[in-house]
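Working notes, structure below.
Every chain is numbered from 1 and lettered A, B, ... according to where its sequence line falls, protein lines coming before strand lines.
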There are 2 protein chains.
Amino acid sequence: MKSYGQLCAVARALDVVGDRWTLLVVRELLIQGPLRFGELQRGLPGIATNLLTQRLRDLEEQGVLSRTDGDRAAGPALYRLTARGVALDGVIRELLKWGAPTVPSAPPDAVFQMHWLSRPARYLLSDHEPDRPRTVIRFGTPADGFDLTAASGTVTVAPCAEDARVDATVMGPGPALVALLQGATGIDTAEEHGVTVEGDATALARVLPRPA
Amino acid sequence: MKSYGQLCAVARALDVVGDRWTLLVVRELLIQGPLRFGELQRGLPGIATNLLTQRLRDLEEQGVLSRTDGDRAAGPALYRLTARGVALDGVIRELLKWGAPTVPSAPPDAVFQMHWLSRPARYLLSDHEPDRPRTVIRFGTPADGFDLTAASGTVTVAPCAEDARVDATVMGPGPALVALLQGATGIDTAEEHGVTVEGDATALARVLPRPA
DNA sequence: CTGGATCCGGGAAGATACTG
DNA sequence: CAGTATCTTCCCGGATCCAG
């Protein structure tokens, strides 16, 4: 990106992450951890390969991520955020909070991937029944999903763990899941729109937004 | 901006404010309040007039700002943030915090305007002497500056007030001021680099970062 | 098949001249 | 002063091509 040439912290930040796709690359690495080129591409539907290459080079040059070469023999390169890159978490979080209300009005042909919900889940959901034993809810599948754990009044989110004891598994179309997590609909309505809840549905109810 | 077409809150936010210059327009209106076209242009050195027109139209259409027509006779149009636009404050704040460390390494020909320091001042400075009476420090001039008030342990920032009783006035070149506010240099070094402090220098020392 | 590099068309950004 | 019009330049997007 061409620099704004301003002695201003906001402009300086945008000099680095203001380009198209750049913050979405960071989003993917924040959510999923270190990724290979193809995995990044899958999480960024619509990006051209040359553009992804360019963004990765720029971000590496700026110290936002590092490319750990899968050096000798076969190893594919891994891209991982540096500490400086992880520090963009606050920016992503604020963008997410600001953009969340507009997600339901997205065009109907918008692409959906389950792991994009992991940060909204972290920031929008909470444990309403702190006295219940620890509960694990799986959203999606290990190929594209996350495990949400409710315990002692707090909610944590992590990539799907192979050995997790899962109390409930939630799947379904994006718009219905978004409405459910935002509290716009309840579980019943969500199921009418294609959401499936396997296992203990009360585990899910434990963390969903409740009407004040 | 072309939509990313993703059912993701971050992508949705960037659909609206991801365009070049867009967040800097919001920055100006957040700092300075409602502005006219020419005032905005002065706060965004380098922007082309047609591009500013386009951004203002887009942002109005998205509900981020409103254009209050100076309708009949002479009244120039005023652009002001809506509640939705003011809600971008968190995004600007996080970008600012992330970009601040890179400001000192900006190109030496970067443009500087004093009011760009008002939000860094709000987030970086604090009142280290809460028992002292209220103190007002003016940075710059009413044409381009802000008043910082330290009282009871907290710091507030506002546009220059005509009737303010100012205890100290600070002016000088951008890089030296940035270094001073970030705690990279002390007042003495800053003055060697062209910073001038008129009035009560201890008022300034009261709010500057202190080595741990 | 993954991980890119190259090429090219369209559209956005940048600069400047012009008008009410 | 507040934009509009025009032109140039460069970035983005899509496809294709290349190497391991």
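- Among residue pairs with one or both ends in residues 5-46 of chain A, those qualifying as ring pair (Phe, Tyr, Trp, His ring centres under 6.0 Å) are A:W21-B:Y4; sequence neighbours excluded.
- Residue pairs meeting the salt bridge (Lys or Arg N to Asp or Glu O under 4.0 Å) criterion with at least one partner in residues 99-109 of chain A, sequence neighbours excluded, are absent.
- A side-chain donor-acceptor contact under 3.5 Å links B:Q6 and A:R27.
- Residues of residues 24-40 of chain A having a heavy atom closer than 4.0 Å to DNA chain C, listed by number: A:R36, A:F37, A:G38.
- DNA chain D is contacted by B:T49, B:N50, B:T53, B:R57 of residues 47-59 of chain B, taking any non-hydrogen atom closer than 4.0 Å.
- A search for salt bridge (Lys or Arg N to Asp or Glu O under 4.0 Å) contacts involving B:R122 returns nothing, not counting sequence neighbours.
- Every pair passing side-chain hydrogen bond (donor to acceptor under 3.5 Å, both in side chains) that includes a residue from residues 155-176 of chain B is listed here, sequence neighbours excluded: B:R165-B:D167.
- A salt bridge (Lys or Arg N to Asp or Glu O under 4.0 Å) check over residues 181-197 of chain B, counting only residues at least two apart or in different chains, returns nothing.
- Neither side chain, A:T154 nor A:D127, offers a donor N or O lying under 3.5 Å from an acceptor on the other.
- Using five terminal pairs a side, the axes of the helix from C:dC1-D:dG20 to C:dG20-D:dC1 at its two ends make an angle of 20°, given in steps of 10 degrees.
- Of all nucleotides in DNA chain D, those with any atom nearer than 4.0 Å to a heavy atom of chain B start and finish, going 5' to 3', at D:dA2 to D:dG14.
- Here side-chain hydrogen bond (donor to acceptor under 3.5 Å, both in side chains) pairs that include residues 38-49 of chain A, with residues two or more places apart or in two chains, number zero.
- Listed by chain and residue number, nothing satisfies the side chain to side chain donor-acceptor pair (under 3.5 Å) test with B:E198 (two or more places apart in sequence, or in another chain).
- When DNA chain C is scanned 5' to 3' for any atom under 4.0 Å from a heavy atom of chain A, the first and last hits are C:dG3 to C:dA15.
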